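To start, the structure itself, in structure tokens.
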Amino acid sequence: MKTSSPHQISFANAFADLYLDKENGEFALDFRRQEVTVYLTIIQYQALVLLIQQSVEDNEEFVEYLNWQKDPLQCDDSKVIEVCGPDHIVCMSCAPNCERVKLTFDLGMAIDLSFADFQGLSSLVKEAQADLEWRRELLRWNMTENGPDFAAGGGD
């Protein structure tokens, strides 16, 4: 479900809430069942998006466990599937036999998610990325964030 105000865009489902603060250029990712909120910069958010896309598009074995095409509870105890984000801003490891996905952020924190939580987060990110207003804000921030010298020298 999307909500939008003059200062914020947010998406929510049963697993997480994703907030974009239009004024400050920040993201908040609220994991409902863990009662943990992670605040991300645009670069950290983009790393998370790439990590999620990579994990569900490029890692067939992980997706088979995630969707229960293979029974994760029948998995070898030592089985670990790991995907890393750009410059290790976000990393993910999956232990199928525990039905858990662990997201580790460069901020010095890790979130332990169930498969359902991870799927919920994945669908939330996909919904946000497909939204025109959300993408417009990201583009606007990218233009100012990636060229701070140009932005600072422009109108001062």
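Note that this is a predicted model, so its numbers are computed, not measured.
In the hydrophobic clustering of this structure, L107 groups with I43; members are Ile, Leu, Val, Met, Phe, Trp, Tyr whose side-chain heavy atoms approach within less than 4.5 Å, directly or through other members. Taken together through direct or relayed side-chain contacts under 4.5 Å among Ile, Leu, Val, Met, Phe, Trp and Tyr, Y19 and L48 form parts of separate hydrophobic clusters. Tracing side-chain contacts under 4.5 Å through hydrophobic residues (I, L, V, M, F, W, Y), one never reaches F62 starting from L50; they form parts of separate clusters. Under the 4.5 Å side-chain contact rule for hydrophobic residues, V36 and I52 share a cluster. Put simply, V56 and I81 are part of the same group of oily side chains (I, L, V, M, F, W, Y) that touch within less than 4.5 Å, one to the next.
Counted within 6.0 Å of CE on M109, heavy atoms from surrounding residues, nucleotides or ligands total more than 12; the atom is thus considered enclosed. Open room surrounds NZ on K102; 12 or fewer heavy atoms of other groups in view lie less than 6.0 Å from it. Atom CD of E57 sits in a crowded spot, with more than 12 heavy atoms from other residues, nucleotides or ligands closer than 6.0 Å. Annotation: D58, atom CG; neighbour count of heavy atoms from other residues, nucleotides and ligands within 6.0 Å is above 12.
In this structure E99 satisfies the side chain to side chain contact (heavy atoms under 4.5 Å, CB included) test together with W68, P72, L73, F115, sequence neighbours excluded. Taking the ring pair (Phe, Tyr, Trp, His ring centres under 6.0 Å) definition, one finds that F27 meets it with Y45, W134, W141, sequence neighbours left out.
Taking a cutoff of 4.0 Å between a charged side-chain nitrogen and a carboxylate oxygen, E133 and R136 do not qualify as a salt bridge.
R135 and A130 get closest at one heavy-atom pair: NH1-O, 3.9 Å. When all heavy atoms of S55 and V63 are compared, the closest pair comes out as O-CG2, 3.9 Å. Closest heavy-atom contact between E127 and M1: OE2-N, 3.8 Å. Contact between R32 and A12 at its shortest, heavy atoms only, is NH2-CB, 3.6 Å. Across all their heavy atoms, C84 and Q54 have their closest contact at O-OE1, 3.7 Å. Taking all atoms of both residues into account, the shortest heavy-atom contact from N13 to G120 is ND2-O, 2.9 Å.
Q119 is listed as a side-chain neighbour of L66, based on a closest heavy-atom distance under 4.5 Å. Side-chain contact between R100 and S114 is present, with heavy atoms from C-beta onward closer than 4.5 Å. A heavy-atom distance below 4.5 Å is not found between the side chains of V101 and D117. Residues V125 and F11 form no side-chain contact, since every pair of their non-hydrogen atoms from C-beta on lies 4.5 Å or further apart. Taking the side chain as every heavy atom from C-beta outward, S4 and K22 approach each other to under 4.5 Å. Taking the side chain as every heavy atom from C-beta outward, F105 and I111 approach each other to under 4.5 Å.
Once rounded to the nearest 0.5 Å, the distance linking CG of L103 with SG of C94 reads 10.5 Å. One finds the CD1 atom of I42 at 11.5 Å from the CD atom of E26 (value rounded to the nearest 0.5 Å). Taken to the nearest 0.5 Å, the CD atom of Q46 stands 11.0 Å off from the CG atom of L40. Distance check, rounded to the nearest 0.5 Å: SG of C75 to CD of E61 gives 7.5 Å. Taken to the nearest 0.5 Å, the CD1 atom of I89 stands 11.0 Å off from the CG atom of L51. Atoms CD and CG, from Q44 and D106 in turn, are 7.0 Å apart once rounded to the nearest 0.5 Å.
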>> Run L124 and F15 through side chain to side chain contact (heavy atoms under 4.5 Å, CB included) and show every step you take.
In response: CA-CA 9 Å; L124 199 64; F15 304 96; over 6 Å; no

